[in-house]
Structures are given as structure tokens and as C-alpha cells.
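Predicted model, so just to flag it, every value in this text is computed and none were measured. This chain uses plain numbering: 1 for the first residue, then up along the sequence. All values below come from the heavy atoms of this structure, side chains included, with hydrogens, waters and symmetry mates left out.
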Amino acid sequence: MTAPAHPQYDLLVIGAGSGGVRAARVAAAHGAKVAIAEEHRIGGTCVIRGCVPKKLLVYGAHFAEDLEDAARFGWRIEGRTFEWPTLRDNVLAEVARISGIYAQTLQTHGVEILNGHATLTGPQSARIDDREVRARVILIATGARPHVPDQPGCENGITSNEAFHLEKLPERILIAGGGYIANEFAGIFNEFGCKVTVINRSDVILRGYDEQIRDRLLQISLTKGIRFLFNAPIDSVSKHADSTLTVSLRTGDSIQCDALMFATGRIPNTEGLGLDSAGVELDKGAIKVDDLNQSTNPHIYAVGDVTNRVQLTPVAIREGHAFADTVFGNKPTKVDYDFIPSAVFSHPPLAGVGLTESQARNRLGSVRSFTSDFRPMKNVLAGRSERALYKLIVDDTNGRVVGAHMIGPDAPEIMQVVAVAVKAGLTKAQFDECVAIHPTMAEELVLLK
Ligand code: NDP
């Protein structure tokens with residue numbers, strides 16, 4: 001089949017995840033005729049197999065501690081049990097509901113949904129299954145997928161994609177990696193009563209977060225019973241007739257488990273898109289773009305994880321929005337990547353914005369660090385030893401807060417607001433001028449001495 005001579009669409013978006021959906025919707029609102037191609041379900045990683053179902057599992061898992069703590073608050077709850085299939089199915093149903101809302105939003109904005117795998121056939125044309133379409137501009141927003149190491153037997157492991165669909169919970173699970181997904185799922189499975197071992201190729205968890213904060217997570221995780229093996233890359237994996245696995249490490253140790261989950265980073269989805277034929281260049285497997293999201297082909301743009309800038313949903317959404325405003329709204333917009341706050345939904349969660357203490361010392365020289373290391377009131381009455389840790393990093397030359405880092409209950413919720421102040425360039429003195437809300441955990445941020 002040959003492609004129609006004239007573009008049928010102003011914009012063809014490939015990939016209906018966070019970045020693609022936002023771009024399609026905003027471009028359509030600017031008056032563009034838009035189609036979006038998706039081979040799976042509308043919503044992408046965040047909605048279908050990432051942030052949303054993960055956060056719901058975190059809520060579900062946290063009941064384990066809440067129910068335990070409830071006794072100290074006078075509540076007797078006899079014979080409590082946890083049914084994984086109930087939580088799993090409710091979460092999957094919620095995911096389906098949100099995916100439906102995304103599809104509906106696209107439709108109400110007049111965006112045509114093309115189900116199928118899209119391959120570029122030229123700079124302004126693509127084939128979606130057996131249908132040829134032409135578009136004035138093409139946006140690639142195909143995201144990323146979990147990386148699985150290629151040591152023998154690693155295909156017997158799962159990734160976060162499959163974790164949401166488990167038939168039953170594994171008694172013993174090994175999680176390879178030490179980043180976001182490893183620590184979030186270690187917390188989730190541990191709260192559900194699984195025996196969790198995290199194995200990491202290096203001796204660092206959550207690279208990029210403040211050292212003291214990530215060390216606190218490690219200490220608390222160990223206290224909760226999560227095992228960590230560091231400098232322990234996988235050598236091979238073998239599967240037995242009873243479906244259990246033996247994971248052999250390069251340290252010479254081997255570990256038996258019922259499931260092995262890889263959380264070893266994510267790789268951009270660039271294969272099978274026909275990028276070569278359209279002259280789109282890659283950089284370390286990701287689409288190379290300029291700061292207006294344009295690839296090396298002027299008709300083709302890319303946003304989100306496929307570009308390997310900052311792999312976070314809200315960043316992809318901003319890039320998608322900026323692209324649509326730039327190309328269809330006559331308003332060139334660059335995303336501001338400074339002071340992006342982020343969080344890890346571990347047990348307890350942690351969050352940060354700006355420079356870590358060591359980054360600040362390296363870059364700024366004269367730095368002051370203020371910390372509060374405290375046991376949240378609720379933990380005290382519950383008899384739970386876990387302590388929270390809050391930190392502000394201050395540039396001593398002008399008093400500005402250049403970094404904020406915390407671990408403790410609700411840290412991500414608190415951090416979102418702190419990030420406004422840090423991004424606005426407020427000083428430590430201005431933090432101190434604000435009256436505390438008592439009794440809260442967040443008040444520590446205006447009481448740091
Ligand atoms: P991360 O980049 O957070 O961590 C990857 C981990 O795997 C690191 O410990 C890394 O070790 C290790 N690793 C990398 N490559 C290999 C390899 N070849 N063999 C063995 N180990 C390896 O990745 P995740 O998979 O946890 O998450 C992917 C991305 O998704 C994150 O970077 C984040 O941007 C996003 N995400 C965000 C969340 C949030 O905002 N809460 C939640 C989940 C994901 P080393 O440190 O030594 O390199």
C-alpha cells in the first residue's frame with residue numbers, strides 16, 4: 001500500500017504514554033489534526049505498569065505496619081490476613097479505569113486513536129500495522145522498557161511489568177538492582193511478608209540521592225528484615241522443575257528463590273521504529289533531540305524516556321506540552337530542568353530536590369548543612385524505632401537553600417511544597433521566618449538550627 005500524497009494529519013504521535021497523550025491533546029487544542037498510534041493500552045508505563053499501580057501497591061503494603069501499630073493506639077484487630085489476589089485485581093481494575101479516561105480525553109479532543117505498531121516509512125510517513133499514514137510532523141513518545149542483563153538464565157526472571165500480575169506472592173524474592181524500582185518493590189514485597197533480598201552490582205543504592213538519606217533507608221530496610229548483597233553481579237540463573245530458581249553470583253555465592261525481579265534500569269524503545277530510514281540519530285540508544293525536542297530530522301520530534309533525559313513522568317508531560325506549544329501553538333517553549341524534585345516510594349519514602357550535600361560542597365565550596373534527625377510522634381507511641389531525617393543544604397555565600405532532602409512518613413508530599421521554595425531561591429532565613437504548624441513533621445523544616 002502506498003502512502004497518501006498529502007499529509008492526512010498535522011501530527012502523528014507514536015506512543016500513548018504520559019508525554020504522547022499530553023502532546024496530542026495540547027496540539028489538538030491548538031487546532032491541529034492529530035492521530036496517536038499505540039500498540040498496547042492507552043496510558044503508557046506510568047498508568048499501566050508504573051507509577052499508578054506501584055503507588056496503589058505501596059498503599060496496600062503499608063497497611064501491614066498500620067495494622068501492627070494500631071494495637072498501641074487501642075485497636076484490637078483479630079485474625080487479620082492479607083489476600084494478594086484481591087489487591088492485585090482491584091489495582092488492575094483501577095488501572096483499566098484510568099486508561100479508559102485517558103482514551104476518552106483523547107477522543108473528546110478529536111484525537112484519532114490508531115491501534116497497532118507504528119514504523120516510520122519516511123520523515124513524514126508511517127505504517128501502522130497495514131495502514132499507511134502521512135503527517136506533517138511526527139512525535140516519538142515510545143518510552144522505555146526494563147533492562148534485563150544478558151547473563152545465562154536471566155530470561156527466567158521477571159521485571160516490574162510482570163510484578164503487578166503475579167499469580168501468587170513468592171515466598172522468597174531476589175531483586176536485582178539498587179535504584180528506584182528495587183527499593184520500592186523491596187518495601188512492597190517485604191510488607192506483604194515475602195523474604196526479600198536485594199542484590200546490587202555496586203555498593204551504592206539510589207545513586208544521585210543524598211548520601212545520609214539513602215544510608216538511612218538502607219539501615220531502616222535492614223531493620224525491617226530486607227537483606228542486601230552488594231558488589232554482587234549475577235553470573236547465571238537456573239530454573240528447576242519445581243519452578244524455583246538458583247541465582248549464582250560472581251562472588252561465588254548462590255541463592256535459592258521463588259522469583260527473581262530485575263530492576264536494573266530502563267532502556268529507550270527505539271527498535272523497530274524505522275528511525276534509520278528517517279535519518280533520526282541516536283545517542284547511547286536514545287533519540288537525540290535539541291532543547292525544543294527536535295530530532296536530527298526536522299519533521300520528527302521526541303519526548304519522554306525515549307530521549308533519555310530525565311526518566312520521570314512529570315518531565316515527559318512537560319516535554320510533550322512544550323513540544324505542542326512550540327510546534328502548534330506558536331509559542332516556543334523549553335523545559336526547565338533545574339530543581340526537579342523526585343521521590344522514592346520506599347518504606348519509608350524519601351524525597352529530594354536540588355543539590356545533595358556532596359554535590360553542593362564540590363560545586364559551591366562554602367556550604368552549610370542543617371539536619372533534623374527525629375522520631376515522628378506517631379512512631380513514638382507505636383513503639384516503632386524508625387527515625388526520620390530532614391536536611392537543608394545552604395549556599396553560605398548568599399544563604400540560599402540549594403537542596404532539600406528527607407526520609408520519613410509522607411516525605412514526597414512534603415517535598416512537593418518544599419521544592420517550590422527551593423526553586424524560588426528562598427534563603428534559610430526566609431524558611432525560618434515562617435511560623436511552624438505544630439505538631440507536624442514538616443515543621444522541622446522551619447526549625448532547623
Ligand atoms: P535506576 O536507574 O533507578 O537503578 C538501576 C539500578 O540497577 C542501579 O542500582 C544500577 O547500579 C543497577 N544497574 C544498572 N545497570 C545494570 C546492569 N547492567 N546490571 C546490573 N545492575 C545494573 O533504575 P530503575 O530500573 O530502578 O528505574 C528506572 C527509572 O525509572 C529510574 O531511573 C527512574 O527515573 C524511573 N522511576 C522513577 C520512580 C519514581 O519517580 N518514584 C519509580 C520507578 C522508576 P549502579 O547504581 O551501580 O549503576
Side-chain angles (χ1 to χ4, degrees), residues 54 144-163 170-191 194-240 244-267 284-285 308 311 342-352 356-359 361-362 386 389 391 405 407:
K54 179 275 311 285
R145 64 182 184 283
H147 157 263
V148 174
D150 47 18
Q151 272 71 33
C154 283
E155 68 281 1
N156 292 306
I158 59 167
T159 67
S160 52
N161 287 353
E162 293 79 31
E171 259 174 58
R172 302 159 300 173
I173 184 163
L174 232 65
I175 302 179
Y180 284 82
I181 298 179
N183 283 284
E184 292 182 339
F185 274 91
I188 290 169
F189 284 121
N190 181 59
E191 298 290 316
C194 310
K195 187 92 203 95
V196 180
T197 306
V198 174
I199 48 171
N200 195 17
R201 66 172 177 185
S202 68
D203 59 356
V204 173
I205 64 164
L206 293 167
R207 205 180 283 281
Y209 279 93
D210 187 86
E211 295 80 356
Q212 246 183 307
I213 301 290
R214 59 194 200 203
D215 186 57
R216 176 62 53 90
L217 176 66
L218 178 61
Q219 296 312 321
I220 295 177
S221 300
L222 288 167
T223 309
K224 287 186 195 292
I226 299 171
R227 227 175 123 212
F228 285 81
L229 296 179
F230 291 119
N231 301 311
I234 292 180
D235 187 52
S236 65
V237 180
S238 47
K239 189 171 182 174
H240 308 289
T244 59
L245 303 170
T246 300
V247 178
S248 305
L249 305 174
R250 286 207 211 133
T251 55
D253 296 325
S254 57
I255 308 171
Q256 310 293 315
C257 62
D258 304 294
L260 164 66
M261 176 171 149
F262 290 104
T264 45
R266 296 178 62 84
I267 42 181
K284 296 189 201 96
N308 218 357
Q311 287 187 326
S342 61
V344 183
F345 295 93
S346 42
H347 274 78
L350 60 85
T356 66
E357 185 171 349
S358 61
Q359 285 168 347
R361 290 198 189 285
N362 287 338
E386 267 171 63
L389 179 62
K391 266 182 101 164
H405 311 279
I407 178 168

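Nearest heavy-atom pair across Tyr209 and Gly352 is CE2-N, 4.1 Å. In terms of heavy-atom proximity, Lys224 sits nearest to Asn190 at O-ND2, 3.4 Å. Arg266 and Ala144 get closest at one heavy-atom pair: NH2-O, 2.7 Å. Nearest heavy atoms, Ile407 versus Pro348: CG1-CG, 3.9 Å. Here the closest heavy-atom approach between residue Ile234 and residue Cys154 is recorded as CG2-SG, 4.4 Å. Contact between Gly177 and Asn200 at its shortest, heavy atoms only, is C-OD1, 3.7 Å.
Relative orientation of the Phe189 and Phe185 rings is tilted, given thresholds of 30° and 60° on the angle between their planes.
Leu217 CG to Gln212 CD: the interatomic distance, rounded to the nearest 0.5 Å, is 13.5 Å. Distance check, rounded to the nearest 0.5 Å: CG of Leu350 to CG of Asn183 gives 8.0 Å. Between the CZ atom of Arg361 and the OG1 atom of Thr356 there is a distance of 10.0 Å, given to the nearest 0.5 Å. The OH atom of Tyr180 lies 11.0 Å from the OG atom of Ser346; values are rounded to the nearest 0.5 Å. Atom CD1 of Ile199 is separated from atom CG of Asn231 by 12.5 Å, given to the nearest 0.5 angstrom. Atom CZ of Arg216 is separated from atom CG of Leu389 by 5.0 Å, given to the nearest 0.5 angstrom.
For the pair Ile181 and Met261, the minimum side-chain heavy-atom distance is below 4.5 Å. Between Pro146 and Phe262, every side-chain heavy-atom pair lies at or beyond the 4.5 Å cut-off. A 4.5 Å side-chain heavy-atom check between Ile173 and Cys257 finds every atom pair outside the cut-off. Annotation: side chain of Leu260 is not in contact with side chain of Asn156 (no heavy-atom distance under 4.5 Å). Side chains of Ile205 and Leu218 form a contact here, defined as non-hydrogen atoms less than 4.5 Å apart. Contact check for Val237 versus Gln151: no side-chain heavy atoms found under the 4.5 Å cut-off. The side-chain heavy atoms of Asp235 and Leu249, taken from C-beta on, include no pair separated by under 4.5 Å. Using a 4.5 Å heavy-atom threshold, the side chains of Ser160 and Lys54 count as separate.
No donor-acceptor distance shorter than 3.5 angstrom exists from the side chain of Asp210 to the backbone of Arg214, with no hydrogens or angles considered. Looking only at distances, no side-chain donor or acceptor of Glu191 sits under 3.5 Å from a matching main-chain atom of Ile188. The backbone N or O of His240 lies less than 3.5 Å from no partner atom in the side chain of Thr244, so there is not a single donor-acceptor pair. A donor-acceptor contact shorter than 3.5 Å links the side chain of Thr264 to the backbone of His147.
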**Request:** Applying side chain to side chain contact (heavy atoms under 4.5 Å, CB included), run through Ser202 and Arg207 and close with a yes or a no.
**Result:** CA-CA 10 Å; Ser202 68; Arg207 205 180 283 281; 3.5 Å; yes
- [ ] Test side chain to side chain contact (heavy atoms under 4.5 Å, CB included) on Leu174 and Val198 and set out the steps.
- [x] CA-CA 6 Å; Leu174 232 65; Val198 174; over 6 Å; no
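By the 4.0 Å N-to-carboxylate-O rule, Glu171 lies too far from Lys195 to be salt-bridged with it.
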